[in-house]
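A short worksheet on the structure shown next.
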Amino acid sequence: MIPSPDPRLPESGHAAVIAEEHKKYFTFFNVSIALIAITAIELVIVYFPINKWIVLTALGVLSLIKFLAVIWWFMHLKWDRMLCTILFMIGMVIAGGTVTALMFLFEEDPAGPPMMFMLF
Amino acid sequence: MATTADVENVTHAPAEPARTGLWKRPLKNTGLVGWLTTVDHKKIGILYAVGALFFLLLGGVEALIIRAQLMFPEQEVISARTYNQLFTMHGTTMIFLAVMPLSAAFFNYIMPLQIGARDVAFPRMNSLGLWCFIFGGIILNLSWFFPGGAPDVGWFAYAPLTDRQYSPDIGVDFWIMGLQILGIASLVGSFNFITTIINMRAPGLSMMRLPLFTWMTLITSFLVILAFPAITIALIQLMFDRHFGTFFFNVEGGGKPILWQHLFWIFGHPEVYILILPAMGIISEILPVFSRKPLFGYPLIVFSGAVIGFLGFAVWSHHMFTTGLGVIATTAFAFLTMLIAIPTGVKIFNWIGTMWGGRIRFTTPMLFSVGFIWMFMMGGFTGIMHSSPPVDAQQQDTYFVVAHFHYVLIGGSLFALFAGIYFWFPKVTGKMMSEFVGKIVFYVMFIGFNLAFFPMHILGMTGMPRRTHTYKSGMGWEQSNFWSTIGAMILGLGVALFVIQIIYTCFRGRRTNGDPWDARTLEWVTDSPPKEYNFAYTPVVHARDQLWENKHGPDSRKMERIAPGPHGIHMPDQSWWPLILAIGLFIACLGMVFHGEPAWWGEEARYGLGITICGLLITLGSIYGWALEGPGGFHLHPDPKEYDGALPAPESSHGHH
Amino acid sequence: MSAHSHAADDPHAALEALKETSTGIENKKLAMWAFLASDCMFFGTLISTHLIYRKIYPDIVDPKAIFDIELTGFSSFILLMSSFLMALSVSAAHKGNIKGVRWFLGGTIFFGLIFLCGQVYEFHHFVTDFGLTLSSNVFGSTFYVLTGTHGVHVALGIIWLGSWLVYTFTDRYKAEHALDIEVAGLYWHFVDIVWIVIFTVVYLVEYVPFLT
């Protein structure tokens, strides 16, 4: 059976789903516009000649917003049970913690790389 | 639980196959085809156990050869190279092919019964995990039969020793691909267990009523899915270093070998808890049964397990104190390592509290459990010693460390797994193992184990390095090494006796009723061995130790039963695809092993990548076959006598589990 | 969860029936989220390898001279758009709007392919014009393996979604397959968020002027 918006099936549950999904359409549209806008901002601010830590912080925050927007709206976490969010966050927290710890565990090598390749 | 198949209302009987992909689905659930295509969690559990016990014996023989070499100073029983291969394969085999799959055997067999489910969430995925384990074991051990032989780089394969320059033979490639495919086995298994435990509990079985073993299965599965990616990526990077000229760990191009250590131990330390948490779960099931008391401090044990699991990700660098991480990092990791001793200690006190004042019966499973507590504590104490960096600097790479982790892995994990086998054997086969022989096995193993490994503490303190092929006489190490070897042989004798006892009991064992131990949890409610559908009814749980309440509790806490609906019980269909998919991965991995090797028909020919691509195409094809075949399913109608007096099924039921 | 006795009558009821689990979350969806949690560690390990070597050898190459930020920025837009279309595909599948599913899935796949082509072009450009290969130096190793692994994820996603697109044209496609499309969508979005992170930490930060 191929489902289609068949007028013979005005089942109340189904109609409610359609109405809800219709609302989601506008949410998704707004989110995608915001995502593009943020990406554009990111592309521009990296060239700002201001303190690099301000730029780096801004980049981090903007990326985090993009990341959260995608998982919250596109990936339906807003409309799903809390457990899905928790499950994913366990992975995010442990992965994030590991990456951070690793970054602190390594320092710049004062000797530099053992061989330098000419690239151009 | 309703699967897609329920909704499709597939009601064909086992005799009429559903529409399948390429061929008819296998319907015979007996004989060789029945075992190869099984999706039944119980059969898969048995296969895991058989495979794991085989590899346990293999790893044990390797250990005995190592001990024979070290029995007397300056011996040459085996060459130094063979010695290196043996300790590498012994470690890898025992961890990935013996202890982990033996735990997985219990996860598979016991956990669904404990939560009152009919099967796991994805039965075919479960089967895939099994076959990946089998093929991973085969790949790893195939290395013995090729020129250059098995890997000889130690089970943690530190860079740059694994580099092409220092390990030109294909042993390391076998090790990489073997571990890779074993990782897939553990990962798919764990996604399945997580989904099953969270989603397929019997009505009324809330998380805080779950049996402790199921809780530990859940936490272990989380550790697997979060720890294995690190080793998977590290192995891919190593593979690229060896085959495609990258510099991840290759100093020549700026790679840092220390990075391998970090990535390995980011996986390796949680792995330690992957090995011990299931054992803790088993102990927490056995102690209450034979003390005739509920588990003391249930919520605290659950919480401690979760804390151990979480902290397990934050202590990996204590394996690397002597590499010079810097004062801050060393201090932080030492502190976190000491911290993790607290939840572990909490558990030990809870187990002792469970026994305190109980009416204890010293059966074989109980003896192994009590042995576990004591031996694990010994290993724990030496572990706390290592958490102090100055002490660790003294003990790094000595036999003291060898003594430490054998106390936690044999005295800990293996004793608990043996306790589990003695405890659940009547559940699986319906036959009792002889208590008399069982106790002999325990005492032989206990004496042999302590004789083998206690002297290693002293050997390590007096400076004997680990992974040493032989030693000079006159170092004061002769006595301890001699007795250690004698102990290892006694331990081997105990394990051999155990295997003989298992085989004997399978054929000649005394039949038993469903609940021979006067047990407490849901798996003992149903038949021993359980029927294909586990429970003829849906159990409705009202208490933590449900079977105990059924027997001795007030009426309000007794279990209710819901009869199956008019459709009967929905069962998944068997399938060939998991096996074929695993074969595809096996071929792809073999191709990668032989990548870069000259072909037998000409020095210039290269065939490795071709084989890999063929293997991946088989894998992709199997995924399509798998998907198009669908879960399938048929309905069974148990004898109404089995659910006599059960509540009628609710009208709308598609077959709750 | 109220279950409907005749699931086949109502596409919505068939989907609701899949939620009859202990938590009300469908098994497949729960397993997918567990997989994504695990995948965070996969990419976490890869990304940290890259960043660690950038930290150890800051001057090994000048990525600004190699990277083409206009192209990569364009690729990022493309992947974000594909994610948007993916969300619409899932929405259409839940509505039972099969035509919508086909169009949106097709669009998602199309944008995914553009992204992949961009990556192939980028790799080709780096190799031929700058001689940066896997074995040039450690930057080449980490960069190609990280972005290549992401590319493999995209390719697998395209195969997966493409299979569903074909499947919608067969009579085997049923209303409850909306869940399968949703699960495939979760994977696709995840590939997108990984790119959001890679785009920032691998590409953009290289452009930050290191003034104090």
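Sequence lines set the chain letters: A, B, ... in the order given, protein chains first and strands last, and positions in each chain run from 1.
Annotation: side chain of A:K24 is not in contact with side chain of C:H94 (no heavy-atom distance under 4.5 Å). For the pair C:T23/A:R81, no side-chain contact is recorded, criterion being any heavy-atom separation below 4.5 Å from C-beta on. Contact of the C:I69 side chain with the A:V46 side chain is not registered, since no non-hydrogen atoms from C-beta on lie closer than 4.5 Å. Proximity of C:F199 to A:L43: side-chain heavy atoms (C-beta onward) are separated by under 4.5 Å at one or more points. Counting heavy atoms from C-beta outward, A:F106 and C:Y53 have side chains that stay 4.5 Å or more apart. The shortest side-chain heavy-atom distance between C:S91 and A:Y25 does not fall under the 4.5 Å cut-off.
Summarising the geometry, atom CH2 belonging to A:W73 is positioned 14.0 Å from atom NE2 belonging to C:H189; distances are rounded to the nearest 0.5 Å. A distance of 7.5 Å separates CE of C:M32 from CE of A:M75, quoted to the nearest 0.5 Å. Taken to the nearest 0.5 Å, the CD1 atom of C:I25 stands 4.0 Å off from the SG atom of A:C84. For the atom pair A:I94 CD1 and C:S38 OG, the distance stands at 11.0 Å (nearest 0.5 Å). Remark: C:L88 CG to A:F74 CZ distance equals 7.5 Å, nearest 0.5 Å. Atoms CG and CG, from A:L35 and C:D192 in turn, are 7.5 Å apart once rounded to the nearest 0.5 Å.
Note on A:T39, A:L64, A:V55: by heavy-atom pairs under 4.5 Å with chain C, the leading option is A:T39. Ranked by heavy-atom pairs under 4.5 Å with chain C, the list A:T85, A:I71, A:L77 is led by A:L77. Counting heavy-atom pairs under 4.5 Å between each of C:I52, C:T45, C:L30 and chain A puts C:I52 at the top. Contact count against chain A (heavy-atom pairs under 4.5 Å) is highest for C:A87 among C:A178, C:A87, C:A93. Highest contact tally toward chain C, considering only A:M92, A:H76, A:E42, is held by A:E42 [criterion: heavy-atom pairs under 4.5 Å]. Interface remark: of the candidates A:V93, A:D80, A:I45, A:D80 forms the most heavy-atom pairs closer than 4.5 Å to chain C. Of the listed residues (C:L186, C:I47, C:V138), the greatest number of heavy-atom pairs within a distance under 4.5 Å of chain A belongs to C:L186. Heavy-atom pairs under 4.5 Å with chain A peak, among C:M41, C:M86, C:E70, at C:M41. Note on C:Y207, C:Y57, C:F43: by heavy-atom pairs under 4.5 Å with chain A, the leading option is C:Y57. In terms of heavy-atom pairs under 4.5 Å with chain A, the best-connected choice from C:T72, C:V194, C:I193 is C:I193.
Residue C:V197 touches chain A through its side chain alone, counting heavy-atom pairs closer than 4.5 Å. A:I65 does not touch chain C: none of its heavy atoms, backbone or side chain, sits under 4.5 Å away. The contact between C:F77 and chain A is made entirely by side chain atoms (from C-beta outward), counting heavy-atom distances below 4.5 Å. Interface residue A:I36: backbone and side-chain heavy atoms are both found under 4.5 Å from chain C. Contacts of C:E182 with chain A are made by side-chain atoms alone, with heavy-atom separations under 4.5 Å and no backbone atom involved. With a 4.5 angstrom heavy-atom cutoff, C:M81 touches chain A only via side-chain atoms. Interface remark: C:K99 contributes no atoms to any contact with chain A (heavy atom separation under 4.5 Å).
Scanning both residues, A:K52 and C:V208, for their nearest heavy atoms gives CB-CG1, 3.8 Å. The two residues A:S63 and C:I196 have their closest heavy-atom pair at O-CG2, 3.8 Å. The two residues C:S48 and A:L102 have their closest heavy-atom pair at OG-CD1, 3.7 Å. Nearest heavy-atom pair, A:P49 versus C:P209, reported as atom, atom and distance to 0.1 Å: CA-CG, 4.4 Å. Of all heavy-atom pairs between A:A95 and C:C40, the closest is CB-O, 3.7 Å. Closest approach of C:K55 to A:M103, counting heavy atoms only: NZ-O, 2.7 Å.
For NZ of A:K23, the number of neighbouring non-hydrogen atoms (other residues, nucleotides, ligands) closer than 6.0 Å is 12 at most. Residue C:H125 qualifies as enclosed at atom NE2: its count of foreign heavy atoms under 6.0 Å is above 12.
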Go through the steps to decide whether A:I18 and C:N97 satisfy the test side-chain contact (heavy atoms from CB on, under 4.5 Å), and finish with yes or no. CA-CA 9 Å; A:I18 288 182; C:N97 174 4; over 6 Å; no
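Relative ring orientation between A:F88 and C:W33 is described as perpendicular, the plane-to-plane angle rising above 60° on a 0-90° scale split at 30° and 60°.
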